[in-house]
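Let me begin by presenting the structure, written as structure tokens, before commenting on it.
Quick note: residue numbers are just sequence positions, from 1.
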Amino acid sequence: MDKGWMVIGFFFIVVGLPVMLGVGGDMFKRWLKHKEAMTKALNEQTAEKAAQYAAQVERLEQRVRVLERVVTDRGTTLAHEIETLRDQPLN
């Protein structure tokens with residue numbers, strides 16, 4: 001083997017390879033940190049949506065309870081109950 005190639009190979013192993021591995025490791029750490037930040041943002045967004053859906057379900061359940069009470073309550077007239085409900089705020 002030519003002595004020039006041996007020097008180049010030695011230089012690559014001693015200097016080039018560690019430099020490339022160091023740069024590659026740093027790039028991997030940055031990529032991993034980015035993925036963690038994206039996952040955290042997605043989790044926060046999902047939790048916020050879940051809270052909104054829970055609040056909406058609660059409002060709908062309240063409305064259903066009111067409608068059940070209106071339908072099953074024989075002591076009051078339906079028209080009067082509907083008019084009373086129109087005056088109440090939804091939230």
Original post:
Linking I/L/V/M/F/W/Y whenever their side-chain heavy atoms sit closer than 4.5 Å, directly or via other members, would V14 and F11 fall into one cluster?
Top reply: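 Cluster IDs for V14 and F11 match.
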Original post:
Excluding sequence neighbours, so at least two apart, what forms salt bridge (Lys or Arg N to Asp or Glu O under 4.0 Å) with E36?
Top reply: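 Applying salt bridge (Lys or Arg N to Asp or Glu O under 4.0 Å) to E36 gives none.
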**OP:** Show which residues join V64 in its hydrophobic cluster (side-chain heavy-atom contacts under 4.5 Å, direct or indirect), or state none.
**Re:**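 Taking Ile, Leu, Val, Met, Phe, Trp and Tyr as members, V64 stands alone, with no cluster partners.
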Original post:
Under the salt bridge (Lys or Arg N to Asp or Glu O under 4.0 Å) rule, what pairs show up with a residue in residues 10-20, not counting sequence neighbours?
Top reply: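 Found none.
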Only distances under 3.5 Å count here; give the side-chain donor-acceptor pairs of residues 44-57 to other protein atoms, sequence neighbours excluded, each with its distance to 0.1 Å.
| unit_1 | atom_1 | unit_2 | atom_2 | d |
| --- | --- | --- | --- | --- |
| T46 | OG1 | L42 | O | 2.8 |

Original post:
Which distance, rounded to the nearest 0.5 Å, do you find between the CZ of R63 and the CD of E58?
Top reply: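 So the CZ of R63 and the CD of E58 are separated by 13.0 Å.
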**OP:** Give, for atom CH2 of W5 and atom CD1 of I8, the distance between the pair rounded to the nearest 0.5 Å.
**Re:**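 Spacing of CH2 (W5) from CD1 (I8) equals 5.0 Å.
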Subject >> Residues which pass ring pair (Phe, Tyr, Trp, His ring centres under 6.0 Å) with F28, listed by chain and number, not counting sequence neighbours >> reply: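 So F28 forms a ring pair (Phe, Tyr, Trp, His ring centres under 6.0 Å) with W31.
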Original post:
For residues 15-27, which residue pairs qualify under side chain to side chain donor-acceptor pair (under 3.5 Å), counting only residues two or more places apart or in two chains?
Top reply: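 Sorted result for residues 15-27: D26-R30.
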